[in-house]
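Each ligand, and each atom within it, is numbered from 1 in the order the structure gives. Note that the numbering runs from 1 along the sequence shown for the chain.
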Amino acid sequence: MKVLVVGSGGREHVICWKLKQSKRVSELYCCPGNGGIASVATCVDIKATDVDKIVEYASSNNFDLVFVAPEDPLALGLVDKLNENGIRAFGPKANAAIIEASKVFSKNLMAKYHIPTAEYALFDNKEKAYDYLEGCEMPIVIKADGLALGKGVIIAKDIDEAKAAVSSMLEDKAFGDAGSNIVIEECMVGPELTILAFSDGEYAIPMISSRDHKRAYDHDEGLNTGGMGAVTPGADLSDDDVKVISDTIIQPTIEALKSEGRPFKGVIYFGLMLTKKGPKVIEYNCRFGDPEVQAILPLLENDFMDVIDAVIDGKLSTYKLSWKNKKSCVVVMASGGYPVKYEKGYEISGIDTCGKLVFQAGTKLTDDGKIVTNGGRVLCVYDEADSLDNAIDGAYEGVKKISFKDMHYRTDIGRTLG
Ligand code: AMP
Ligand code: GLY
């Protein structure tokens, strides 16, 4: 099969790496890809959000499958347009990808179908939001409705901070149109957990759980980032715990979307908080989490192409996922200054000699064959072992053998709650 993957991060690198191992994949391309992806796939210089160009490229080059990994092209309807042109594609259509593209939509969906989540109210007017805040307990969470690269969430510890957050979103347009509508919601407390699930529109199979570390610095300090590292499993869940999450959150969400005429086919991401009153949804995403998937896919034993087919063809109810009996850890190496301001173009050394699997994110292959930094999150160093402690130690052994100017990584991945 001839396969095209859309995207350019660490997530797309692990997807390409896993597809490359499939006996059924003979030709692999990625648009636009990155320095690491170039070692497993042919990179094609088309932006992931250039929907028309991707559709044209995929039709004129006879691809058997296009795997759409990031949220932006999914929300823009890339899968819809590929399908309209007779091209098989992996990922939800735009009307289902909305669960990530609009927090207002997802909160209303959860309320309508009684899926446990934080209490909330919606506003597009500053004065009304201010009035509402007067009656709220602090801390309180303020969220922009639309896509904001994980940055549109503010946890305000008092009413002044809460009002400042409302004003920055609704008045100063800190997140542009993404913040024209806002969600004000109860601040939940508890460990966070990521559950990713494959869904065929009717039925979902959860993958092994994982835990992301979203803040930039150790001990969960600093700004929220896309994710600085992840471990699997994400919590010590019993079979009963998994059943509660499946029965109260995963399957009800898939059925809710189907009832709304928005069947979800692809990977659905459940950001959960394990509160004293049980697991509740923090957020949905319409795709694999990054860096969670870099910790998960290396443990999948199935041929990835078979899983993809089961999702697209609606066969998950009779499909079985199989996992290596190991724990895993990925540590993200980022450019100094990420997630705010950072330089690019620094040469990276040690990737091939560090002895660990390294998934590349913001990197570029130069004309003279060097790998240089080209983004905020640069690399993801992976290891697996029988115990989580050993997996974490192994990933850090790899990290210590890699270097580039101004590099920054957290030293407590897997050691704190996230
Ligand atoms: P989100 O983009 O919705 O995942 O939010 C980013 C991060 O903000 C989450 O990973 C949580 O750490 C935190 N967060 C979001 N919503 C809440 C909430 N209602 N209560 C407590 N923490 C939250
Ligand atoms: N790691 C969080 C995300 O992918 O949204």
*Asks:* So is K18 actually on top of F304's ring, under 6.0 Å and inside 45° of the axis?
*Replies:* no
*Asks:* Within ligand 1, which atoms have a heavy atom of E186 less than 4.0 Å away?
*Replies:* 18 (C), 19 (N), 20 (N)
*Asks:* Just checking Y269 against F288, ring centres under 6.0 Å apart?
*Replies:* no
*Asks:* Enumerate the atoms of ligand 2 whose separation from the nearest heavy atom of D212 is less than 4.0 angstrom.
*Replies:* 1 (N), 2 (C)
*Asks:* Would you mind listing which atoms of ligand 1 come within a distance below 4.0 Å of any non-hydrogen atom of K143?
*Replies:* 3 (O), 15 (C), 16 (N)
*Asks:* In terms of atom number and element, which parts of ligand 2 are under 4.0 angstrom from non-hydrogen atoms of G226?
*Replies:* 1 (N), 2 (C)
*Asks:* Checking Y319 against N302 for the side-chain hydrogen bond (donor to acceptor under 3.5 Å, both in side chains) test, could you report, in this order, the C-alpha distance in whole Å, the side-chain angles of both residues, the deciding distance, and whether it holds?
*Replies:* CA-CA 10 Å; Y319 195 80; N302 306 64; 3.2 Å; yes
*Asks:* Which of the numbered atoms in ligand 2 are under 4.0 angstrom from any heavy atom belonging to N285?
*Replies:* 5 (O)
*Asks:* Regarding ligand 2, does K214 bring an N or O atom to under 3.5 Å of one of the ligand's N or O atoms?
*Replies:* no
*Asks:* Heavy-atom contact check, 4.0 Å cutoff: does C187 meet ligand 1?
*Replies:* yes
*Asks:* Considering I140, I154, V153, which one's heavy-atom position lies nearest to atom 2 (O) of ligand 1?
*Replies:* V153
*Asks:* Give the atom numbers and elements of ligand 1 that come within less than 4.0 Å of a heavy atom of K214.
*Replies:* 10 (O)
*Asks:* Check D220 with K214, please: is the shortest side-chain N to carboxylate O separation under 4.0 Å?
*Replies:* no
*Asks:* Do D145 and K103 meet the salt-bridge criterion of a basic N to acidic O distance under 4.0 Å?
*Replies:* no
*Asks:* So which of T275, V281, I155 gets nearest to atom 23 (C) of ligand 1, if we judge by its closest heavy atom?
*Replies:* I155
*Asks:* Going by the rule side chain to side chain donor-acceptor pair (under 3.5 Å), which residues pair with T275 if we only count those two or more places apart in sequence or in a different chain?
*Replies:* none
*Asks:* Output the list of atoms in ligand 1 that are nearer than 4.0 Å to some heavy atom of K103, sorted by atom number.
*Replies:* 2 (O), 3 (O)
*Asks:* Could you see which bit of T194 sits under 4.0 Å from ligand 2, with heavy atoms only: side chain, backbone, both or neither?
*Replies:* neither
*Asks:* What pairs of residues pass the ring pair (Phe, Tyr, Trp, His ring centres under 6.0 Å) test when at least one of them lies in residues 330-350, not counting sequence neighbours?
*Replies:* none
*Asks:* Can you check which of E192, E100, E185 brings a heavy atom nearest to atom 10 (O) of ligand 1?
*Replies:* E192
*Asks:* Got an N/O contact under 3.5 Å between V141 and ligand 1?
*Replies:* no
*Asks:* Between R287 and ligand 2, find which residue part has any heavy-atom pair under 4.0 Å and reply side chain, backbone, both or neither.
*Replies:* side chain
*Asks:* Of D306, D64, D303, which is the lone residue that meets side chain to side chain donor-acceptor pair (under 3.5 Å) with R24?
*Replies:* D306
*Asks:* So that I know where these two stand, are F63 and Y29 an aromatic pair - ring centroids less than 6.0 Å apart?
*Replies:* yes
*Asks:* Quick one, S403 with S349, criterion side-chain hydrogen bond (donor to acceptor under 3.5 Å, both in side chains). Give me CA distance, side-chain angles, the key distance, then yes/no.
*Replies:* CA-CA 5 Å; S403 75; S349 65; 3.3 Å; yes
*Asks:* Is a side-chain donor or acceptor of N83 paired with a backbone partner of I87 at a separation under 3.5 angstrom?
*Replies:* yes
*Asks:* Output yes when E343 and K405 qualify as a salt bridge under the 4.0 Å nitrogen-oxygen rule, no when they do not.
*Replies:* no
*Asks:* Measuring from non-hydrogen atoms of Y269 to any atom of ligand 2, is the shortest distance under 4.0 Å?
*Replies:* yes
*Asks:* Would G289 count as a contact of ligand 2 if the rule is a heavy atom under 4.0 Å away?
*Replies:* yes
*Asks:* Looking only at N/O atoms, are G227 and ligand 2 under 3.5 Å apart anywhere?
*Replies:* no
*Asks:* Geometry only, no angles: is E283 polar-contacting ligand 2 at N/O separations under 3.5 Å?
*Replies:* no
